[in-house]
**Student:** 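Quick one: structure below, then a few questions.
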Amino acid sequence: MNFSAIPLALQAVLLLVAANVFMTFAWYGHLKSLANSPWYTAALVSWGIALMEYLLQVPANRIGFHEAGLQVGQLKIMQEVITLAIFVPFSVFFLNEPLKLDYLWAGLCMVGAVYFIFRT
């Protein structure tokens, strides 16, 4: 794939999305997949998964900040919105948690955060 054809801000977003999938599995996947394993086994597996997250997150932030000209606060709010967008389906479909109206309210709060951090 030719990444140079993708706008820099979009490259950052796509890397943040991929990183967040790994992060969500590292932080919460062990609750189902390694439920009967000792905590230190879950921690070691999670660290291995988190390494993949860092290998995507660090370049995403560098591309977003240095090349796409995004502010650090903008990158952080983007990350939080992506986190919620990944976490809700993960918790519902992977962990079989009920879908709650509170996720909608949290999402609306994030829309407000996006507005304030990106306004000029």
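When a residue number appears, it is its place in the shown sequence, counting from 1. From a predicted model like this one, the values you see are computed outputs, not experimental measurements. Hydrogens, waters and symmetry mates are skipped; everything else that's a heavy atom, side chains included, is used.
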**Student:** So which heavy atom on L75 is nearest to which on G64, and how close?
**Tutor:**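 Smallest heavy-atom distance, with atoms named: CD2-CA, 4.0 Å.
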**Student:** In chain order, what residues pass the side chain to side chain contact (heavy atoms under 4.5 Å, CB included) check against E67, with sequence neighbours excluded?
**Tutor:**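 Side chain to side chain contact (heavy atoms under 4.5 Å, CB included) list for E67, sorted by chain: L8, I63.
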**Student:** Side chains of residues 93-115: which donor-acceptor pairs under 3.5 Å do they make with residues two or more places apart or in other chains?
**Tutor:**
residue	atom	partner	partner atom	Å
Y103	OH	S91	OG	3.4

**Student:** Are V81 and M78 linked, directly or through intermediate hydrophobic residues, by side-chain heavy-atom contacts shorter than 4.5 Å (ILVMFWY only)?
**Tutor:**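 Both belong to a single hydrophobic cluster.
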**Student:** Please check if L31 and F25 belong to a single hydrophobic cluster, counting links between Ile, Leu, Val, Met, Phe, Trp and Tyr side chain heavy atoms closer than 4.5 Å.
**Tutor:**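 They do share one cluster, since a chain of ILVMFWY contacts under 4.5 Å joins L31 to F25.
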**Student:** Would you mind listing every side-chain hydrogen bond (donor to acceptor under 3.5 Å, both in side chains) that reaches into residues 14-23, with sequence neighbours excluded?
**Tutor:**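 Of all non-adjacent pairs touching residues 14-23, those that pass side-chain hydrogen bond (donor to acceptor under 3.5 Å, both in side chains) are N20-T24, N20-T83.
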**Student:** Give the cluster check for I77 versus V88: same hydrophobic cluster or not, with ILVMFWY residues linked at side-chain heavy-atom distances below 4.5 Å.
**Tutor:**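 Yes, I77 and V88 fall within the same hydrophobic cluster.
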**Student:** Looking at residues at least two apart in the chain, or sitting in another chain, which of them share a side chain to side chain contact (heavy atoms under 4.5 Å, CB included) with A50?
**Tutor:**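 A50: side chain to side chain contact (heavy atoms under 4.5 Å, CB included) contacts with A26.
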**Student:** Taking only residues two or more places apart in sequence or in another chain, which ones pass side chain to side chain donor-acceptor pair (under 3.5 Å) with K76?
**Tutor:**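 K76 satisfies side chain to side chain donor-acceptor pair (under 3.5 Å) with E80 once adjacent residues are dropped.
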**Student:** Can you list everything that forms a side chain to side chain contact (heavy atoms under 4.5 Å, CB included) with L51? Sequence neighbours excluded, please.
**Tutor:**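 Applying side chain to side chain contact (heavy atoms under 4.5 Å, CB included) to L51 gives L55.
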**Student:** Flag the pair L16 / Q57 as yes when at least one side-chain heavy-atom distance between them is below 4.5 Å, and no otherwise.
**Tutor:**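 A side-chain contact exists here, since the closest heavy-atom pair is under 4.5 Å.
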**Student:** Filter on salt bridge (Lys or Arg N to Asp or Glu O under 4.0 Å), then keep only pairs touching residues 25-40, sequence neighbours left out; what's left?
**Tutor:**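 Of all non-adjacent pairs touching residues 25-40, none passes salt bridge (Lys or Arg N to Asp or Glu O under 4.0 Å).
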**Student:** Check for me, please, whether L84 and F118 land in the same ILVMFWY cluster - side-chain distances under 4.5 Å, paths through other members count.
**Tutor:**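 Hydrophobic grouping puts L84 with F118.
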**Student:** Among residues two or more places apart or on two chains, list those pairs meeting ring-ring contact (aromatic ring centres under 6.0 Å, His included) that have a residue in residues 38-79.
**Tutor:**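 For residues 38-79: none.
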**Student:** Identify the heavy atoms of A9 and A68 that sit nearest to each other, and give their distance.
**Tutor:**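 Result for this residue pair: N-CB, 3.7 Å.
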**Student:** Can you give me the closest heavy-atom contact between V13 and I82, atom names plus distance?
**Tutor:**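 What the structure gives for the nearest pair is O-CD1, 4.1 Å.
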**Student:** For A42, check side chain to side chain contact (heavy atoms under 4.5 Å, CB included) against everything at least two apart and list the hits.
**Tutor:**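 So A42 forms a side chain to side chain contact (heavy atoms under 4.5 Å, CB included) with H30, L34.
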**Student:** Should V17 and I6 be regarded as members of a common hydrophobic cluster, given that ILVMFWY residues are connected when their side-chain heavy atoms come within less than 4.5 Å of each other, either directly or indirectly?
**Tutor:**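 In one cluster with V17: I6, no.
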**Student:** Measure the CG-CD1 distance between L44 and I49 for me, rounded to the nearest 0.5 Å.
**Tutor:**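 The CD1 atom of I49 is 11.5 Å from CG of L44, to the nearest 0.5 Å.
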